[in-house]
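Notes for the one structure printed next.
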Amino acid sequence: MLDLKFIRENPDIVREAVRKKRSTLPLDELLELDRIVMRERQEIQDLREQQNRISKQVRDADTPEVKQALIAEARALGDEISRRENVLKAEDEQLQALLLRVPNIPDESVPEGNGEEENVAVKHWGDPPRFDFEVQDHVALMERLDMLDLARGARVAGSRSYILKNAGALLEFALMRFALDRITKKGFTPLIVPALAREAALVGTGQFPSGRDQIYEIPKDDLFLVGTAEVSMTGMYAGEILPHSDLPIKMVAMSPCFRREAGSFGRDVRGVMRVHQFTKVEQYIIAENDPAGSLDWLEVLLGNAEEICQALELPYRVMLVCTGDMGDGKVKSYDIECWVPSEGRYRETHSDSALYDWQARRVNLRYRDESGKVRYVHTLNNTALASPRIMVPLLENHQQADGSIRVPEALQPYLGMDIIGPPK
RNA sequence: GGAGAGGUCGCAUAGUGGCCUAGUGCGGCGGUUUGCUAAACCGCUGUAGGAGAAAUCCUACCGAGGGUUCGAAUCCCUCCCUCUCCGCCA
């Protein structure tokens, strides 16, 4: 969410952001509603002032006759106020609904584009491996090593469900702890956060209203399953005014993540690339309201994620996400894509985002700066590691001629093996 | 799930229909006094919106949302959260 005052005073900047982000927001409708709501609110305020004055006169009235006359007058005003307030409320709700759809303004360094295909590769690390045998995809590898049971997973929970088994199950634990340890060592506070969240938390991150169909609902309890721990970490400080000395707050949370994958029928139907439930370690920073500082943090988070990919010996590239592929709330965003040999291309495994105060406004999360002024914080988030998706490049890049998997050195202490072979 | 007690300014508390423009204490900030520190004393101390050149003024906010009333922190309803006990439970 942007500051309404900012939108009012800089409609051209917002209009340009709407265009670049390929947003469907009707900005002129929003501006007109804003004018109406402001005028209405002012008029109601004047009426209320009158009413307050008369109410005091009622208290101090000398005779019953005067008192009755004043009460009648105040009652008429009260009726007028409540009538006008109903109108205002309806208009304001419309305005707020539009306000939630206003995209953030992309940073100048962000390339303009319509979608994923116009993201710009800004860095490559490692070389895609050459194999002198026929490459197998992760499904073949995992099934042969008895790490994965897709059929029985589907029996339990339908398509895009899976069962990790043997080294597959252990690998997920190993990966999560590996990532958690790495980020914790950099001064981030490790957390286990709720995977269930209220609507307000999802509105707060920007998952709602636009991405609502991607989220599982639990209507009986008015709860939702989070698609990322970002939701929980944004929601946990909602409404607070933090002391300046608390910032930056650096957190790293592991949580299960749930995504309906509505509209992705036919994409990545094979294997564990795109599933309804996965586990993720997520980095999160709550920082001061300083754009340049925020963009520095974005690079820090990117560096942390890159180190993890490097430690796992995965060839990757860093993509600067273009305006049309960025979420509404984002100012600037990088994806890390790891090399997937069976597909002969890079696939997204990490997503790094700076949102400035866009989420902070939604959850009303502020801090007191050095001068005592209350300001909205900035928020950033980036994947540390998400499994089982990361298993796709991990297993495929490190496969050997006999179908076993070489475990990268950094992961060996966590997994307790240097080669994943068939279970004994 | 059942019974009960609560939620008031950064913290602690007072406030049971109009004198609440929310009192008091603590903390914080500024000042006076002072070799230094401390103490004492004095003043200031929330958020949001609006009017104004400014001093200042107006409106809303006492967990959230409704309602009663000329008037609600206070009365009524719904919900949320915390605590105590019972039940269930990894």
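All values below were derived from every heavy atom in this structure, side-chain atoms included, with hydrogens, water molecules and symmetry-related copies excluded. Numbers restart at 1 for each chain; the letters A, B, ... are given by sequence-line order, proteins then strands.
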Expressed as a whole number of Å, how far does the [atom1] atom of [N] sit from that of [M]?
N: B:U78; M: B:C42; atom1: P; result: 49 Å
N: B:A12; M: B:G67; atom1: C1'; result: 33 Å
N: B:A14; M: B:U32; atom1: P; result: 37 Å
N: B:A64; M: B:U74; atom1: P; result: 11 Å
N: B:G46; M: B:G28; atom1: C1'; result: 13 Å
N: B:A72; M: B:G50; atom1: C1'; result: 24 Å

Under 3.5 Å on both distances, the Watson-Crick or G-U partner of [N]:
N: B:G23; answer: B:U13
N: B:U74; answer: none
N: B:G1; answer: B:C86
N: B:A51; answer: B:U56
N: B:U68; answer: none
N: B:C61; answer: B:G46
N: B:C41; answer: B:G31

Study note, to complete from the structure: With sugar-phosphate taken as primed atoms, P, OP1 and OP2 and all else as base, the protein-contact string of nucleotides 62-75 of chain B at under 4.0 Å (heavy atoms; B, S, -) is --------BS----
Practice item. Determine, for nucleotides 43-55 of chain B in 5'-to-3' order, which nucleotides have protein heavy atoms under 4.0 Å from the base (write B), from only the sugar-phosphate (write S), or from neither (write -). Key: ----SSBS-----
Check your understanding: Under 3.5 Å, is there a donor-acceptor pair linking the side chains of A:R366 and A:N364?
Key ->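 The criterion, which ignores hydrogens and geometry beyond distance, is satisfied for A:N364 and A:R366.
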Exercise for review: Assess the side chains of A:T228 and A:K280: does a donor N or O sit below 3.5 Å from an acceptor N or O?
Suggested key: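 A:K280 and A:T228 do have a side-chain donor-acceptor pair below 3.5 Å.
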Going by salt bridge (Lys or Arg N to Asp or Glu O under 4.0 Å), name the residues that satisfy it together with [X], two or more places apart in sequence or in a different chain.
X: A:E343; answer: A:R345, A:R347
X: A:E348; answer: none
X: A:R144; answer: none
X: A:E306; answer: A:K123

Rounded to whole angstroms, how far apart are [atom1] on [X] and [atom2] on [N]?
X: A:I81; N: B:A60; atom1: CD1; atom2: P; result: 9 Å
X: A:L47; N: B:A60; atom1: CG; atom2: P; result: 12 Å
X: A:E49; N: B:C57; atom1: CD; atom2: C1'; result: 9 Å

Review point. Does the pair A:N381 and A:E230 meet the rule for a side chain to side chain donor-acceptor pair (under 3.5 Å), with working shown?
Key: CA-CA 7 Å; A:N381 62 82; A:E230 173 196 348; 3.2 Å; yes
Please write out each protein N/O paired with an N/O of nucleotides 15-17 of chain B under 3.5 Å, distance rounded to 0.1 Å.
none

Point to revise | Test item: A:N289 side-chain N/O and A:Y376 main-chain N/O as donor-acceptor pair under 3.5 Å | key: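 Yes, A:N289 side chain to A:Y376 backbone: donor-acceptor pair under 3.5 Å.
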Output a table of nitrogen or oxygen pairs between the protein and nucleotides 77-83 of chain B separated by less than 3.5 Å.
from, atom 1, to, atom 2, distance (Å)
B:C80, O3', A:R198, NH2, 2.7
B:C80, O2', A:R198, NH1, 3.4
B:C81, OP1, A:R198, NH2, 2.7

Practice item. Decide yes or no on side chain to side chain contact (heavy atoms under 4.5 Å, CB included) for A:L175 and A:F173, but give the supporting numbers first. Key: CA-CA 6 Å; A:L175 287 164; A:F173 280 106; over 6 Å; no
Check: residues 242-257 of chain A side-chain donor-acceptor pairs under 3.5 Å, at least two apart:
none

Exercise for review: For A:Y367, check ring pair (Phe, Tyr, Trp, His ring centres under 6.0 Å) against everything at least two apart and list the hits.
Suggested key: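 Here no residue qualifies.
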**Study point:** Of all pairs that satisfy salt bridge (charged side-chain N to carboxylate O under 4.0 Å, His left out), the ones with a partner from residues 149-171 of chain A, not counting sequence neighbours
**Key:**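 Listed by first then second residue: A:D146-A:K165, A:D149-A:R152.
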Donor-acceptor list for residues 50-78 of chain A side chains, cut-off 3.5 Å, not counting sequence neighbours:
from, atom 1, to, atom 2, distance (Å)
A:S55, OG, A:Q51, O, 3.2
A:T63, OG1, A:V66, N, 3.2

